[in-house]
Amino acid sequence: MKKIKLFFLILLMSACAPYSSPERHTWSQYLNGASFTDMTEISRVAKRPVYLGAGGKLINDATEISEKLEYGDKTTNDNIVATQYMAKLEYELYDALRKPGISVQRAGTDVVIILVRDALMELNVADISETGADTLGIITKTLKKYNATFMEIAGYTDAMRDTNAASALSMDMAQRVGVFFSQNGINTTRMFIVGRGAARPIAAQDNVGRLTNRRVEIRLSPAR
């Protein structure tokens, strides 16, 4: 009886324990199958056989919109299906992620989730916060439902004198998010992981803007 009580106590404590990224030397195991390059059209086409071989799905295989369209050529119909699929994905993410420091945007047929660092990471520690883990858990649930997508996980910093340090810091954030997704059952062959340092600022490089420029962007693109 005591052993049973101890087992459930340990189980309860582990369930309540805040999330912490695994040791860095294990990250390569979690991210096996991910690509460490920009998610371009060429890179998606090149990765498609690996993605399909790992059980990945294409947009046209998505069960909720698998009906054949009667009119129009194949390219037009494929674009309609992709647009409908990504629109549904965008709406679900938008409704689920109404939190400070988080935004969901459309970019053509792609959907971009912007996570400001303070909404994702601990204040003074290079790790995902309890709030950030909760947010990533919500995103994970949606990514599993809309699994016919590739994703680019890109880390960014504010302007830093040491560009190498900026690149390393931004890659660290991106990899931590990728590891979290992998731990929670996301197919790593969907992932492209990059650290872009201080490139592509979305706000001024002043005291307020710097907080916005420190961020992770998750760009979701239809797999087809």
Side-chain angles (χ1 to χ4, degrees), residues 19 22 27-69 74-75 77-99 102-115 120 128 132-155 174-194 216-224:
Y19 174 80
W27 288 7
S28 61
Q29 300 172 27
Y30 288 104
L31 298 177
N32 182 35
S35 297
F36 293 87
T37 184
D38 291 344
M39 185 179 69
T40 64
E41 180 64 29
I42 294 175
S43 63
R44 288 197 300 268
V45 170
K47 192 164 188 176
R48 179 173 164 172
V50 178
Y51 167 71
L52 293 175
K57 298 176 84 175
L58 301 179
I59 284 287
N60 286 333
D61 298 327
T63 56
E64 61 266 35
I65 52 173
S66 61
E67 302 90 339
K68 292 183 179 180
L69 300 176
K74 183 178 185 305
T75 300
N77 289 344
D78 286 350
N79 288 336
I80 291 173
V81 169
T83 300
Q84 291 175 346
Y85 187 89
M86 298 305 289
K88 291 180 179 179
L89 168 57
E90 178 196 10
Y91 296 150
E92 290 204 19
L93 284 171
Y94 181 82
D95 285 341
L97 295 175
R98 296 187 179 185
K99 297 182 178 182
I102 302 172
S103 65
V104 179
Q105 304 175 1
R106 283 291 291 277
T109 56
D110 292 355
V111 175
V112 182
I113 309 166
I114 300 176
L115 304 166
L120 180 65
I128 294 171
D134 179 65
T135 297
L136 292 178
I138 294 171
I139 297 173
T140 298
K141 184 177 179 180
T142 307
L143 292 177
K144 287 181 176 179
K145 180 177 179 180
Y146 293 89
N147 58 356
T149 51
F150 287 113
M151 70 183 76
E152 180 186 77
I153 306 169
Q175 285 182 294
R176 288 182 189 277
V177 172
V179 168
F180 182 98
F181 286 153
S182 175
Q183 286 181 304
N184 288 276
I186 299 299
N187 183 348
T188 55
T189 62
R190 298 170 63 183
M191 299 181 194
F192 294 82
I193 300 176
V194 290
V216 171
E217 292 188 4
I218 304 170
R219 187 182 188 97
L220 304 171
S221 183
R224 47 185 172 172

Worksheet item: Do N187 and T189 have side-chain atoms, one donor and one acceptor, less than 3.5 Å apart?
Response: yes
Discussion item. Please determine whether side-chain contact (heavy atoms from CB on, under 4.5 Å) holds for the pair K99 and I138, giving the CA-CA distance in whole Å, both sets of side-chain angles, and the decisive distance to 0.1 Å.
Written reply: CA-CA 12 Å; K99 297 182 178 182; I138 294 171; 3.9 Å; yes
Practice prompt. Using atom types as modelled and distance alone, determine if a side-chain donor or acceptor of K144 lies under 3.5 Å from a backbone N or O of N184.
Written response: yes
Discussion item. Classify the ring geometry of Y51 against F150: parallel below 30°, tilted from 30° to 60°, perpendicular beyond 60°.
Written reply: tilted
Discussion item. Quick check: closest heavy atoms across A107 and V112, and the distance to 0.1 Å?
Written reply: CB-CG2, 4.3 Å
Discussion item. Is any side-chain heavy atom of F192 closer than 4.5 Å to one of T40?
Written reply: no
Discussion item. To the nearest 0.5 Å, what is the distance between CG on L31 and CZ on F181?
Written reply: 11.5 Å
Fill in: Side-chain heavy atoms of I153 within contact of F180, under 4.5 Å
no
Discussion item. Heavy-atom count check: over 12 atoms from other residues, nucleotides or ligands less than 6.0 Å from Y19 OH?
Written reply: yes
Worksheet item: In terms of heavy-atom contacts, does NZ of K141 have more than 12 from other residues, nucleotides or ligands at under 6.0 Å?
Response: no
Worksheet entry | Nearest non-hydrogen partners of S221 and M39, listed with the distance | CB-CE, 3.7 Å
Item to complete: Search all heavy atoms of S182 against all heavy atoms of M191 and return the closest pair with its distance.
Response: N-CE, 4.0 Å
Worksheet item: Do T135 side-chain atoms and L120 backbone N/O form a donor-acceptor pair below 3.5 Å?
Response: no
Worksheet entry | Over 12 non-hydrogen atoms of neighbours within 6.0 angstrom of CZ in F36 | yes
Worksheet item: Just by distance, do the side chain of R190 and the backbone of L143 share a donor-acceptor pair under 3.5 Å?
Response: yes
Worksheet item: To the nearest 0.5 Å, what is the distance between CD1 (I193) and CD1 (I218)?
Response: 10.5 Å
Worksheet item: Once you round to the nearest 0.5 Å, how far does CG of D134 lie from CD1 of I128?
Response: 12.0 Å
Practice prompt. State which residues pass side-chain contact (heavy atoms from CB on, under 4.5 Å) with A154; sequence neighbours excluded, sorted by chain then number.
Written response: E152, Y156, V194, R196
Worksheet, complete the sentence: Paired with R219, the side chain to side chain donor-acceptor pair (under 3.5 Å) test is passed by just one of D110, D38, T149, namely D110
Item to complete: Take T142 and L97 through the side-chain contact (heavy atoms from CB on, under 4.5 Å) test and state the conclusion after the steps.
Response: CA-CA 11 Å; T142 307; L97 295 175; over 6 Å; no
Discussion item. Please give me the minimum heavy-atom distance between W27 and P22, naming the atom from each residue.
Written reply: NE1-O, 3.0 Å
Worksheet item: Is the closest side-chain heavy-atom distance between M151 and I186 below 4.5 Å?
Response: yes
Worksheet item: Could you give the distance from OG1 (T140) to NZ (K145), rounded to the nearest 0.5 Å?
Response: 15.0 Å
Fill in: Those residues that, when tested against E90, pass side-chain contact (heavy atoms from CB on, under 4.5 Å) (two or more places apart)
V104, R106, V111
Practice prompt. Look up atom CG in L220 and atom CE in M86, then write down how far apart they are to the nearest 0.5 Å.
Written response: 5.5 Å
Worksheet item: Given side chains that start at C-beta, do those of R224 and T109 come closer than 4.5 Å, heavy atoms only?
Response: yes
Worksheet item: Can you find a pair of side-chain heavy atoms, one from Y85 and one from P222, that are under 4.5 Å apart?
Response: no
Discussion item. To the nearest 0.5 Å, what is the distance between CD1 on I139 and CG on L93?
Written reply: 7.0 Å
